[in-house]
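Hydrogens, waters and symmetry mates are skipped; everything else that's a heavy atom, side chains included, is used.
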Amino acid sequence: TVKVPAGIESGKKLRLAGKGAGGMRGGQAGDLYLKVNVAEHPVFKREGGDIVVEKEMKISDAILGTSIEVPTLEGNKHIRIPPGTQSNSRIRLKGFGLPRLQEGGKGDEFIRLIIRYPKSLTERQKKLIEELKKEGL
């Protein structure tokens with residue numbers, strides 16, 4: 001059984017003192033080194049101690065603003081999206097990332113907002129968009 005510290009990154013090594021092969025002629029056992037490989041997560045993408053979550057939203061919500069629910073490592077959290085949000089904007093949740101081994105504390109979580117444009121519009125939607133276009137939007 002090996003205790004792996006929270007927040008460890010792929011490529012780091014863990015040293016288990018005295019758990020390696022025995023020394024020559026009955027000498028003391030050496031150390032065992034384990035190289036860590038952290039698996040990808042289906043929702044969270046890692047950037048050092050920070051994590052990134054992509055969240056899709058409707059164009060109307062991006063223009064008018066809204067409140068959305070996003071996953072965090074501590075459960076879901078409601079966040080406010082300001083009016084006029086652009087696609088690929090990032091919202092920071094301070095301290096909601098991974099533990100930082102060297103510096104202490106925790107990283108941040110970033111929500112990357114992706115505006116979903118409709119692939120097709122109804123005739124009414126087209127008419128409304130044309131009216132918005134006439135208004136300079």
Side-chain angles (χ1 to χ4, degrees):
T1 302
V2 177
K3 183 175 179 181
V4 178
I8 195 164
E9 296 182 53
S10 287
K12 298 289 183 185
K13 292 181 182 175
L14 295 175
R15 182 177 142 239
L16 303 175
K19 300 296 182 184
M24 297 203 43
R25 295 183 209 168
Q28 187 176 5
D31 296 339
L32 173 64
Y33 288 89
L34 300 175
K35 186 175 179 184
V36 175
N37 185 21
V38 180
E40 294 278 329
H41 192 276
V43 175
F44 302 106
K45 303 295 181 229
R46 185 174 186 162
E47 292 180 359
D50 298 331
I51 56 174
V52 178
V53 173
E54 290 187 353
K55 188 75 173 174
E56 283 191 1
M57 58 189 301
K58 296 185 291 186
I59 189 170
S60 56
D61 288 336
I63 292 170
L64 300 173
T66 189
S67 177
I68 61 172
E69 186 174 81
V70 295
T72 72
L73 296 175
E74 301 169 12
N76 290 341
K77 180 173 177 56
H78 286 277
I79 61 170
R80 193 178 78 70
I81 306 299
T85 296
Q86 302 295 307
S87 195
N88 291 314
S89 295
R90 287 168 52 129
I91 294 178
R92 178 180 170 204
L93 300 177
K94 188 174 172 72
F96 278 81
L98 297 168
R100 296 183 191 249
L101 295 178
Q102 266 56 26
E103 305 99 54
K106 290 176 96 176
D108 300 327
E109 178 172 340
F110 290 92
I111 313 304
R112 182 172 167 249
L113 300 170
I114 299 172
I115 298 174
R116 185 182 63 227
Y117 295 92
K119 292 183 180 179
S120 62
L121 298 171
T122 65
E123 286 303 314
R124 175 158 162 57
Q125 289 169 330
K126 286 179 188 177
K127 194 173 190 177
L128 290 169
I129 297 290
E130 286 296 329
E131 287 181 37
L132 287 172
K133 184 177 178 180
K134 288 177 188 173
E135 292 292 322
L137 183 65

Practice task
Please check if the side chain of K55 supplies one atom and the backbone of E69 the other of a donor-acceptor pair under 3.5 Å.
Solution key: yes

Handout entry: Sidechain-backbone polar pair: E9 side chain, G7 backbone, donor-acceptor under 3.5 Å
Key = no

Completion exercise
Of all heavy-atom pairs linking Q86 and I115, the shortest is C-CD1, 3.7 Å

Exercise for the section: Flag yes if more than 12 heavy atoms outside E131 fall under 6.0 Å of its CD atom; otherwise flag no. Expected result: yes

Practice task
Please answer: with hydrophobic residues joined when any side-chain heavy atoms are less than 4.5 Å apart, are I51 and I8 in the same cluster?
Solution key: no

Exercise for the section: Measure the CG-NZ distance between L14 and K19 for me, rounded to the nearest 0.5 Å. Expected result: 14.0 Å

Fill in the blank from the handout: Rounded to the nearest 0.5 angstrom, the CD-CG distance for E56 and L113 is 11.0 Å

Practice task
For atom NZ of K106, decide whether the heavy atoms of other residues, nucleotides or ligands shown that lie under 6.0 angstrom number more than 12.
Solution key: yes

Handout entry: Cluster overlap I63 with Y117, hydrophobic side-chain contacts below 4.5 Å
Key = yes

Fill in the blank from the handout: Shortest non-hydrogen pair, P71 vs V43, comes out as CG-CG1, 3.8 Å

Handout entry: Heavy-atom side-chain proximity of T85 to I91 below 4.5 angstrom
Key = no

Handout entry: Crowding at NZ, K127 (>12 non-hydrogen neighbours, <6.0 Å)
Key = no

Practice task
Look at the side chain of T66 and the backbone N and O of I81, then say whether any donor-acceptor pair between them is shorter than 3.5 Å.
Solution key: no

Handout entry: D50/R100 ion pair, N-O < 4.0 Å
Key = yes

Handout entry: Cationic N near anionic O, under 4.0 Å, E47 to R90
Key = yes

Handout entry: Side chain to side chain, K13 and R15, heavy atoms closer than 4.5 Å
Key = no

Completion exercise
Distance col, row K94:NZ vs F110:CZ, nearest 0.5 angstrom, shows 9.5 Å

Handout entry: E74 atom CD, over 12 foreign heavy atoms within 6.0 Å
Key = yes

Practice task
Indicate, with yes or no, if V4 and Y33 share a hydrophobic cluster defined by side-chain heavy-atom contacts under 4.5 Å among Ile, Leu, Val, Met, Phe, Trp and Tyr.
Solution key: no

Problem - Nearest heavy-atom neighbours spanning S10 and V38 - result: OG-N, 2.7 Å

Completion exercise
By ring pair (Phe, Tyr, Trp, His ring centres under 6.0 Å), F96 pairs with (sequence neighbours left out) none

Handout entry: Rounded distance [0.5 Å steps], CZ in R116 versus CE in M57
Key = 10.0 Å

Exercise for the section: Please round to the nearest 0.5 Å and tell me the distance separating atom CG of L128 and atom OG1 of T122. Expected result: 7.5 Å

Fill in the blank from the handout: d(I59 CD1, L64 CG) to nearest 0.5 Å is 10.0 Å

Handout entry: Side chains of L98 and L73 in contact at under 4.5 Å (non-hydrogen atoms)
Key = yes

